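Atoms within each ligand, like the ligands themselves, are counted from 1 in listed order. Source: prediction; values computed, not measured. Side-chain atoms are counted along with the backbone in the values below, which use heavy atoms only and exclude waters and symmetry mates.
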Amino acid sequence: MGLTAGFHSRRRRLLMDKMGPGAAALVPAASERIRSNDVEYRFRQNSDFDYLTGFPEPEALCLLLPGHPDHEYVLFVRPRDQERETWTGRRAGTEGAVQIYGADAAHPLAALDETVSALLADREILYYAMEGRGDYNRRVLAWVETMQAQRQRSGQGPTAVHDLRPLLHEMRLFKSEDEIEAMRRAAVVSCEGHRRAMSRARAGQYEYEVEAEIEYAFRARGASAPAYPSIVAAGANATVLHYTENCCRLEEADLLLIDAGAEVEMYCGDVTRTFPVGRRFDGRQRALYDVVLAAQEAAIFEIRPGVTVEDVHEAALRILVRGLIDLGILQGTVDENIADEHYRAFYMHRTSHWLGKDVHDVGVYRLQGASRKLEPGMIITVEPGLYLAEHSGAPPQWQGIGIRIEDDVLVRESGFEVLTEAAPKEIDEIEALRRDA
Ligand code: GLY
Ligand code: MN
Ligand code: MN
């Protein structure tokens, strides 16, 4: 049994039990992607593949054959190759796939087309996710087509291809203890980055310098990478939801919105903080910040088993709308504004998403047509914001302010646990850090 085989083998066992003995599952690893000419992006493993195997190399394929007497778990991998390894790095090869990663059998990728049909021959159902992998989709369909064409004579081979995602992603939605521990580490490192940024950003710097500070903290604590492109948005840039240019100068009067999270052990943090570039929030910034913080805290306090993501959103939304009305930015009543969606000029996204190996993690949000209930082990973000862009129709004195506050929250039997508490969000705490910056 290999280093990582414990967690992964439990997950494979559970998945195979759900699939049943007549089934097979194919799960491809990620492939390398070109960034420019012949140079690749840094490799990041596919989350489903990593969840089931822990095998860190590109191009591999996992085949699960529940109930097989000799090899329930087969890996196809790049073979050892001294020449290639000298250029592009070490490979586990077929031996490592067995000895280190716990595969029952491993084959070189070159043998895939000929071997896979034989291995699938006695399986009725093939589980496979037809997603974003055009190359593999075509190959898998070709295998199935060949086997189905031969079925009249052979009398065997899969007669159905089922989507693997409903089974696998439902598992991924519920984090086990080992995953929660990894999420805690991702959260802690993410918060450390935010504290560093909050205590170092100064007027006259550029957004990219703050990006460098936060990502320094991530990497220095062992994060593999930012979990997504860091958003470091000063002033009106914060009203652009996915602003990632990070190229502007910080002005004393700006707020700085930073949405950045660390990826640690293949789990994501996703944290947003907004703070003044100067030492203190000014009157309008403070007024809006208070509204967003109140909305965020109310939404977090909603979280417990049995409530829905919709309920959490609703809790945040009501407070955001109430605040916008009280500040004279919206007119009418809370209910009217929610019904006619006038608030969408200033709050145009949802409050939560699942969080895990993918920053927008897998798992369905609705079951049987209704928003699903939260259950222990789920992890969601809570990230209300207000964005008063120049074109938003906000009164001119409010324009150019964008605020979001985002935490990562574990649903527990007893309610909730905020994993990202170490990043300050109360005005007093933030201003105390800013005084010393
Ligand atoms: N950083 C991406 C998000 O907050 O959803
Ligand atoms: Mn998020
Ligand atoms: Mn975020």
Problem set entry | Sum of protein N, O or S atoms, each under 2.8 Å from the Mn ion (ligand 3) | 4
Exercise. Mind checking what makes side-chain contact (heavy atoms from CB on, under 4.5 Å) contact with Glu417, not counting sequence neighbours?
Worked result: Arg184, Leu410, Arg412, Leu419
Problem set entry | Residues Asp436 and Arg279 bridged, charged N to O under 4.0 Å | no
Exercise. Ion pair present between Arg249 and Glu251, side-chain N to carboxylate O less than 4.0 angstrom?
Worked result: yes
For this session: Provide the atom name of the closest N, O or S atom of His353 relative to the Mn ion (ligand 2).
Result: NE2
For this session: Classify the ring geometry between Tyr208 and Tyr206 as parallel (under 30°), tilted (30 to 60°) or perpendicular (over 60°).
Result: parallel
Exercise. Below 4.0 angstrom, N of the basic side chain to O of the carboxylate: do Arg372 and Glu170 qualify?
Worked result: yes
Exercise. Between Glu213 and Arg200, is the closest basic N to carboxylate O distance under 4.0 Å?
Worked result: yes
Exercise. Would Asp311 and Lys373 pass as an ion pair if we require N to O under 4.0 Å?
Worked result: no
Exercise. Under the 3.5 angstrom rule, does the side chain of Arg434 hit a backbone N or O of Ala201 as a donor-acceptor pair?
Worked result: yes
Problem set entry | Residues that Glu263 engages under salt bridge (charged side-chain N to carboxylate O under 4.0 Å, His left out), provided they are two or more places apart | Arg44
For this session: Could you confirm whether His360 has any N/O/S atom lying under 2.8 Å from the Mn ion (ligand 2)?
Result: no
Exercise. Under a strict 4.0 Å criterion on non-hydrogen atoms, which protein residues are in contact with ligand 1?
Worked result: Tyr228, Asp259, Asp270, His353, His360, Glu383, Glu406
For this session: Please state whether the rings of Tyr289 and Phe281 are parallel, tilted or perpendicular, taking 30° and 60° as the class boundaries.
Result: tilted
